[in-house]
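Quick notes on the structure that follows.
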There are 2 protein chains.
Amino acid sequence: MARPRKPLLSRDRIVETASALVDAEGLSAVSTRRLAAELGVSGPSLYNHFRTKDEILDAVADAVSAKVDLSMFEEGDARDWRTALHDWAASYRAALADHPNIVPVLAQGPGRRPAGLRVADAVFGAMVRAGWPPAQATYIGALMRYFVTGSALGSFARGFVDDETAYDPADYPHLGQAHLLAEHRQKVDEGAFDTGLRALLDGLAMQYETEAREKRARQDS
Amino acid sequence: MARPRKPLLSRDRIVETASALVDAEGLSAVSTRRLAAELGVSGPSLYNHFRTKDEILDAVADAVSAKVDLSMFEEGDARDWRTALHDWAASYRAALADHPNIVPVLAQGPGRRPAGLRVADAVFGAMVRAGWPPAQATYIGALMRYFVTGSALGSFARGFVDDETAYDPADYPHLGQAHLLAEHRQKVDEGAFDTGLRALLDGLAMQYETEAREKRARQDS
DNA sequence: ACCTGAACACCGTTCAAGT
DNA sequence: ACCTGAACACCGTTCAAGT
């Protein structure tokens with residue numbers, strides 16, 4: 001066969017197929033041979049388009065980052081910083097929840113992934129524009145990512161086992177209902193996420209007020 | 001050689017050696033053959049002590065969970081829930097920071113790992129005792145874990161590249177200083193963690209006060 | 001019970017060969 | 001430029017054989 005006159009592969013087609021495979025069967029199902037088979041080519045062909053398998057997975061992760069809504073951070077948007085942060089976090093979480101198997105890659109940080117960097121850039125810029133000092137704006141981008149990726153990676157309920165015998169009351173006196181969590185997992189995950197997000201935003205608002213008060217005091221003196 | 005009269009291996013020795021290997025060279029350095037070589041045996045020997053390689057990594061992760069301080073959640077401890085949560089989060093984060101390479105395993109949730117379950121049990125029990133409704137206590141255990149594991153996994157600064165050319169100002173207008181982050185990474189990570197933890201605890205304290213007020217109102221009527 | 005070597009069905013990646 | 005098969009140096013795991 002050798003070289004076809006029209007390329008069989010493209011970066012986009014590889015990423016699409018890899019994404020579908022990750023979603024359907026998990027990260028561990030992605031081997032270069034398996035992915036190539038899915039694409040109708042032989043394993044080494046992929047290396048004409050990506051340098052390593054990790055680069056392919058990075059591209060899959062970045063495609064998820066690209067789906068995160070950033071419109072609330074645009075200059076003209078009417079939302080205040082707190083609402084913007086809330087809406088962004090919700091969109092971020094929804095994007096990860098749609099593709100939970102790739103979250104371990106995403107959670108490591110943006111690295112060189114363009115969409116991941118775009119997210120970091122947008123939130124930092126918007127927080128500075130809203131009056132946060134640059135150092136605090138950096139912290140906010142980081143801590144929000146901690147929380148959102150942590151929640152997507154370690155889905156609380158999925159992290160417990162659906163097996164009553166796993167939780168001996170002698171060992172874990174308070175976990176009597178833990179095996180039920182798998183049942184309610186969606187409710188628990190949502191409740192924990194909403195509670196945590198509200199707490200974070202309430203707490204940040206308090207710090208913002210404190211800073212504003214101090215700034216006014218400095219100007220008055 | 002065959003069977004020696006005194007076993008060459010034990011679960012503890014395997015976990016210790018695997019931990020050292022993970023710390024020194026990362027998760028990907030742990031293959032059953034490599035680990036066995038490190039222990040002076042052949043690869044399949046490990047299967048007399050663990051059913052799978054994943055079970056070994058789970059045990060390595062659980063050894064880290066076992067180092068998390070839980071004394072603040074004991075019945076006799078004088079710390080209030082907010083201080084307890086703060087001190088626990090700090091100890092949790094320190095334990096993970098000592099062994100960053102195993103965090104991806106830990107972040108997936110406690111599963112069947114005894115020390116991980118003990119942590120979940122302790123925080124849930126203490127929050128209920130402090131007056132939180134059980135559903136909220138569950139959420140608190142979950143959201144704190146989201147934040148702590150998220151921060152350990154996705155160390156913000158490590159997630160950026162130490163390379164100025166990676167951040168074209170045309171693409172990322174606000175990331176001009178991003179390549180400097182690697183330098184300050186410890187400061188950024190600590191600042192983001194401290195800021196986020198304080199915000200979370202401030203926000204939770206607000207919710208606690210609201211609940212307490214509502215409870216008083218119900219009792220007065 | 002606990003170790004061994006051989007074997008099975010895989011991996012990621014390189015490379016010369018083909019068009 | 002873009003695909004191929006062959007090859008290299010690995011994997012996790014099973015299993016019969018040894019004591």
Side-chain angles (χ1 to χ4, degrees), chain A residues 1-62 101-102 104-105 108 111-113, chain B residues 1-62 101-102 104-105 108 111-113:
Chain A
M1 211 184 275
R3 172 159 121 92
R5 46 177 72 154
K6 199 163 182 291
L8 297 172
L9 294 178
S10 68
R11 288 177 65 98
D12 279 353
R13 212 164 83 75
I14 293 170
V15 171
E16 269 170 42
T17 305
S19 291
L21 191 53
V22 168
D23 286 346
E25 303 187 35
L27 265 184
S28 64
V30 183
S31 72
T32 54
R33 286 163 160 90
R34 170 75 193 278
L35 175 57
E38 216 81 35
L39 286 157
V41 299
S42 80
S45 303
L46 300 170
Y47 291 85
N48 285 298
H49 303 269
F50 288 93
R51 264 201 309 258
T52 61
K53 176 187 160 183
D54 276 353
E55 269 190 13
I56 298 175
L57 291 178
D58 271 342
V60 170
D62 215 35
N101 295 334
I102 197 67
V105 176
Q108 309 268 7
R112 296 176 178 276
R113 296 185 280 99
Chain B
M1 210 184 276
R3 172 159 121 93
R5 44 176 74 151
K6 201 165 178 288
L8 296 172
L9 294 177
S10 68
R11 288 178 64 97
D12 279 354
R13 211 163 84 75
I14 293 170
V15 171
E16 268 170 42
T17 305
S19 292
L21 191 52
V22 168
D23 286 346
E25 303 187 34
L27 266 184
S28 66
V30 184
S31 72
T32 54
R33 285 163 160 89
R34 170 76 192 279
L35 175 57
E38 216 81 34
L39 286 157
V41 298
S42 80
S45 304
L46 300 170
Y47 290 84
N48 287 297
H49 303 270
F50 288 93
R51 265 200 307 257
T52 62
K53 178 188 159 183
D54 276 354
E55 269 191 14
I56 298 175
L57 292 178
D58 272 343
V60 170
D62 215 35
N101 295 335
I102 196 68
V105 176
Q108 308 270 8
R112 296 175 179 277
R113 295 185 281 99

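Convention: sequence-line order gives letters A, B, ...; per-chain numbering from 1. What you see below is based on every heavy atom in this structure, not just the backbone, and it leaves out hydrogens, waters and symmetry mates.
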Which part of the nucleic acid does A:Thr32 contact within heavy-atom distance under 4.0 Å: base, sugar-phosphate only, or nothing?
->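 Contact class for A:Thr32: base.
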Nucleotide nearest [X] (side chain, heavy atoms from C-beta), chosen from [options]:
X       : options               : value
B:Leu8  : D:dC11, C:dT14, C:dC3 : C:dC3
B:Pro4  : D:dG12, C:dC3, D:dC2  : C:dC3
A:Asn48 : D:dA6, C:dG12, D:dC3  : D:dC3

Whole-Å gap separating [atom2] ([N]) and [atom1] ([X]):
X       : N      : atom1 : atom2 : answer
A:Leu46 : D:dC3  : CG    : P     : 9 Å
A:Leu35 : C:dC10 : CG    : P     : 16 Å
A:Tyr47 : D:dA6  : OH    : P     : 18 Å
A:Arg33 : D:dT4  : CZ    : C1'   : 13 Å
A:Ile56 : C:dC11 : CD1   : P     : 14 Å
B:Phe50 : C:dC2  : CZ    : P     : 13 Å
A:Leu9  : D:dT4  : CG    : C1'   : 12 Å
B:Lys53 : D:dC10 : NZ    : P     : 15 Å

Taking only the side-chain nitrogens and oxygens of [X], find out if one of them lies under 4.0 Å from OP1 or OP2 of [N].
X       : N     : answer
A:Ser45 : D:dT4 : yes
B:Ser42 : C:dC3 : no
A:His49 : D:dA1 : no

Side-chain heavy-atom pair B:Val105, B:Val60 within 4.5 angstrom cut-off =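 Of all side-chain heavy-atom pairs linking B:Val60 with B:Val105, none is under 4.5 Å.
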Can you tell me how far apart [atom1] ([X]) and [atom2] ([Y]) are? Round to the nearest 0.5 Å.
X        : Y       : atom1 : atom2 : result
B:Arg34  : B:Leu21 : CZ    : CG    : 5.0 Å
B:Ile56  : B:Ser19 : CD1   : OG    : 11.0 Å
B:Arg112 : B:Glu55 : CZ    : CD    : 10.0 Å

Find the partner of D:dG18: check Watson-Crick (N1-N3 plus N6-O4 or O6-N4) and G-U wobble (N1-O2, O6-N3) distances, both under 3.5 Å, and reply none if neither fits.
->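 Check on D:dG18: paired to C:dC2, both distances under 3.5 Å.
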G-U wobble or Watson-Crick pairing nucleotide for D:dT13 (cut-off 3.5 Å, both distances) |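 By the stated definition (distances under 3.5 Å), C:dA7 pairs with D:dT13.
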Between B:Arg11 and B:His49, is there a donor-acceptor pair closer than 3.5 Å when you use the side chain of the first and the backbone of the second?
->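 Answer holds: yes.
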